[in-house]
Asks: 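This structure is in structure tokens; I'll ask about it shortly.
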There are 2 protein chains.
Amino acid sequence: MSPYDPSAFPPFAVTVDLVVLTVRHHALCALSVRRGESPFQGRWALPGGFVRDDEDLSQAAARELAEETGLRAQNGAHLEQLATYGDPQRDPRMRVVSVAHLVLAPDLPAPRAGGDARSARWASVDTLLTESGQDHAGDAAPLAFDHGRILADGVERARSKIEYSSLATAFCPPEFTVGELRRVYEAVWGVALDPRNFHRKVTGTVGFLVPTGGTTTRQGGRPAQLFRAGGAALLNPPMLRPEV
Amino acid sequence: MSPYDPSAFPPFAVTVDLVVLTVRHHALCALSVRRGESPFQGRWALPGGFVRDDEDLSQAAARELAEETGLRAQNGAHLEQLATYGDPQRDPRMRVVSVAHLVLAPDLPAPRAGGDARSARWASVDTLLTESGQDHAGDAAPLAFDHGRILADGVERARSKIEYSSLATAFCPPEFTVGELRRVYEAVWGVALDPRNFHRKVTGTVGFLVPTGGTTTRQGGRPAQLFRAGGAALLNPPMLRPEV
DNA sequence: CCAAAAGTGTTCACCCTACACCCATGT
DNA sequence: ACATGGGTGTAGGGTGAACACTTTTGG
């Protein structure tokens, strides 16, 4: 039997779904869109769409990201492949394999609706995941399809990756202070960190932060130095997440 | 436009490819199969095959693993999803998205050929990757398709995962000595580790190893205690890979 | 006896934590 | 003046690296 006989394999639809994370108001938030059609009409879901015939998976993810948020990857945001979900029952109408991608973005202006979504919003991942985990009466409802599971996997990936990489800077604007970076860690991990030790740690790790020379008082108090993300991708030693 | 109109999205073939790693003769080895058909006829490739209509991705990977090696996952071996590869040009005939999986297995009997492969072999990853990276005259040739890249990603995943998880025990038989476990780390990382400090470290990490009470002299020298893998999945503190 | 592998003890440097303390701004 | 956040100093405990040393087998 030839493995490429067209009758020898079943056809699949392939989509990309996006876990777009940002930090707003001291909370880790994810982008969700309201579904305009059945199934799960009116429910919240992750943004995403079909992969086109001539594009790679990462290109499809970047295109969907631009369509849904206006954000361009490699322009402050980080995009990486997360995992692929292919349960035969995950879409009730047909066999769909979804390649989920993770995007870490700085705090953005209000998202714009795009594609086939009626509207889009930022919501705290705690809200989205507890809604997803439980059936509630009223407005709250779990995310469509298996998107609750996908979001949880993306959040877990982000939480562990900022520990040993410099990815936390992807949540910050181009220039940021040590305190702003610390609040990113605190929001993503949901813990309080010692400001003094944090400062010593990140400024002492070579290649993590590059001072720009400027200062700012936008957080109040004494003027703080501004930094850009340094070139180092891996943190050695890593940031240590406090025990739970 | 309806996103589920059958004419609105291109059809894909979805496959699983397997990076099956083991430690043989002090070297990290991967399973490769000889391709029986065009394209890349006669070249070495990773084992894999089409996902069937009614099975999940992990089920497809476990089925292919059993077909190619006779190995059953969850029976000593570890199986996890690695990444998904979907470049439009990765297969010259049609659009194929491949969900690669990583398998870590103890040293096995000689592999049996299965599925559509003429033959199968274990080869050191160094050999497979340098063959893949360079064009050689004669018998050596790069792996088919983008399998060199997939193998490299799998090796990198294995190298980093044994650092902070107890997965290295998946390379060992059900009962093993501290020295045997150390030789796994040395083969996967390609470094020499201090036997004394390694012993103290792994036996001092609670939940990593469980003594069975037995001893063995199969490695020569003083009898060594035998251990089974403990329940702990995450190592805290992690094993530290020496600087390069 | 000797080689080889398994374990144990000890020392030193470094790093993480905790917290006291000082600095520079806005109101 | 004082509240607020930024930043430095320092002492104590824990851990990893290096290596001397003892233990227990096979040949």
Side-chain angles (χ1 to χ4, degrees), chain A residues 23 25-26 162-164 172-173 175-187 189 191-228 234-244, chain B residues 26 162-164 172-173 175-187 189 191-228 234-244:
Chain A
V23 173
H25 318 307
H26 275 223
I162 65 173
E163 200 162 359
Y164 56 90
C172 294
E175 297 201 351
F176 54 88
T177 70
V178 171
E180 289 163 352
L181 182 63
R182 175 171 48 81
R183 281 180 273 277
V184 164
Y185 276 91
E186 291 177 332
W189 284 344
V191 298
L193 299 175
D194 185 301
R196 294 96 80 181
N197 292 334
F198 183 88
H199 184 280
R200 202 192 338 265
K201 175 112 188 179
V202 297
T203 56
T205 299
V206 297
F208 192 6
L209 300 182
V210 178
T212 67
T215 61
T216 182
T217 59
R218 62 190 176 212
Q219 301 290 342
R222 168 177 167 177
Q225 291 182 68
L226 286 168
F227 295 87
R228 284 196 315 273
L234 260 43
L235 257 39
N236 205 318
M239 298 294 304
L240 291 185
R241 173 157 36 163
E243 304 289 329
V244 198
Chain B
H26 275 222
I162 65 172
E163 200 162 0
Y164 56 90
C172 294
E175 297 201 351
F176 54 89
T177 70
V178 171
E180 289 162 352
L181 182 63
R182 174 171 49 81
R183 282 179 273 278
V184 164
Y185 276 91
E186 291 178 332
W189 284 344
V191 298
L193 299 175
D194 185 299
R196 295 85 55 117
N197 292 334
F198 183 88
H199 184 281
R200 202 191 340 263
K201 177 111 184 179
V202 297
T203 56
T205 300
V206 296
F208 192 6
L209 300 181
V210 178
T212 67
T215 62
T216 182
T217 60
R218 61 190 176 213
Q219 302 289 341
R222 169 177 166 179
Q225 290 181 70
L226 285 168
F227 295 87
R228 284 197 315 273
L234 260 41
L235 259 38
N236 205 318
M239 298 295 303
L240 291 185
R241 173 157 36 163
E243 304 289 327
V244 195

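So that the names make sense, note that chain A is the first sequence line, chain B the second, and so on, each numbered from 1. The basis for the numbers below is simple: all heavy atoms, side chains too, and nothing from hydrogens, waters or symmetry mates.
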Asks: What residues, two or more places apart in sequence or in another chain, satisfy side-chain hydrogen bond (donor to acceptor under 3.5 Å, both in side chains) together with B:N236?
Replies: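 Not a single residue meets the side-chain hydrogen bond (donor to acceptor under 3.5 Å, both in side chains) criterion with B:N236.
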Asks: In chain order, what residues pass the salt bridge (Lys or Arg N to Asp or Glu O under 4.0 Å) check against A:R196, with sequence neighbours excluded?
Replies: A:D194
Asks: With sequence neighbours left out, what residues match B:R241 under side-chain hydrogen bond (donor to acceptor under 3.5 Å, both in side chains)?
Replies: none
Asks: Rounding to a whole Å, what distance do you find between B:E186:CD and C:dA5:P?
Replies: 12 Å
Asks: Nearest-Å distance, NE2 (A:H199) to P (C:dC22)?
Replies: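 After rounding, the reported distance stands at 18 Å.
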Asks: If I take atom CG in residue A:N236 and atom C1' in nucleotide C:dC16, what distance separates them, rounded to the nearest angstrom?
Replies: 15 Å
Asks: By a strict heavy-atom criterion of less than 4.0 Å, which residues belonging to residues 214-223 of chain A are in contact with DNA chain D?
Replies: A:Q219, A:G220, A:G221, A:R222, A:P223
Asks: What's A:P195 touching, base or sugar-phosphate or nothing? Going by heavy atoms closer than 4.0 Å.
Replies: nothing
Asks: State which residues pass side-chain hydrogen bond (donor to acceptor under 3.5 Å, both in side chains) with A:E180; sequence neighbours excluded, sorted by chain then number.
Replies: A:R218, A:Q219
Asks: Taking side chain as C-beta onward, heavy atoms only, is B:L226 less than 4.5 Å from B:P211?
Replies: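 Not in contact.
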Asks: Please produce a list of atom pairs where a protein N or O lies less than 3.5 Å from an N or O of nucleotides 17-21 of chain C.
Replies:
{"unit_1": "C:dA18", "atom_1": "N7", "unit_2": "A:N197", "atom_2": "OD1", "d": "3.4"}
{"unit_1": "C:dA18", "atom_1": "N7", "unit_2": "A:N197", "atom_2": "ND2", "d": "2.8"}
{"unit_1": "C:dA18", "atom_1": "N6", "unit_2": "A:N197", "atom_2": "OD1", "d": "3.2"}
{"unit_1": "C:dA18", "atom_1": "N6", "unit_2": "A:R200", "atom_2": "NH2", "d": "3.1"}
{"unit_1": "C:dA20", "atom_1": "N6", "unit_2": "A:R196", "atom_2": "NE", "d": "3.2"}

Asks: Would you call A:V178 and A:F227 a side-chain contact if the rule is heavy atoms closer than 4.5 Å?
Replies: yes
Asks: May I have all residue pairs that pass side-chain hydrogen bond (donor to acceptor under 3.5 Å, both in side chains) and include part of residues 198-214 of chain A, sequence neighbours excluded?
Replies: A:N197-A:R200
Asks: Mind checking what makes side-chain contact (heavy atoms from CB on, under 4.5 Å) contact with A:T215, not counting sequence neighbours?
Replies: A:P223
Asks: Does the side chain of A:L209 reach to within under 4.5 Å of the side chain of A:F176, using non-hydrogen atoms?
Replies: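 In short, these two side chains touch, coming nearer than 4.5 Å.
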Asks: Could you tell me the separation between the CD atom of B:E180 and the P atom of C:dA4, rounded to a whole number of Å?
Replies: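 Atom CD in B:E180 sits about 18 Å away from atom P in C:dA4.
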Asks: Partners of A:R182 by salt bridge (Lys or Arg N to Asp or Glu O under 4.0 Å), sequence neighbours excluded?
Replies: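 Listed in chain order: A:E186.
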Asks: Could you give the start and end, 5' to 3', of the contact zone on DNA chain D for chain B, using atoms under 4.0 Å from its heavy atoms?
Replies: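 Boundary nucleotides touching chain B, in 5' to 3' order, are D:dG16 to D:dT25.
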Asks: Run the side-chain contact (heavy atoms from CB on, under 4.5 Å) test against B:Y185 and tell me which residues pass, sequence neighbours left out.
Replies: B:I162, B:A168, B:L181, B:W189, B:L193, B:F198, B:F208, B:L235, B:M239
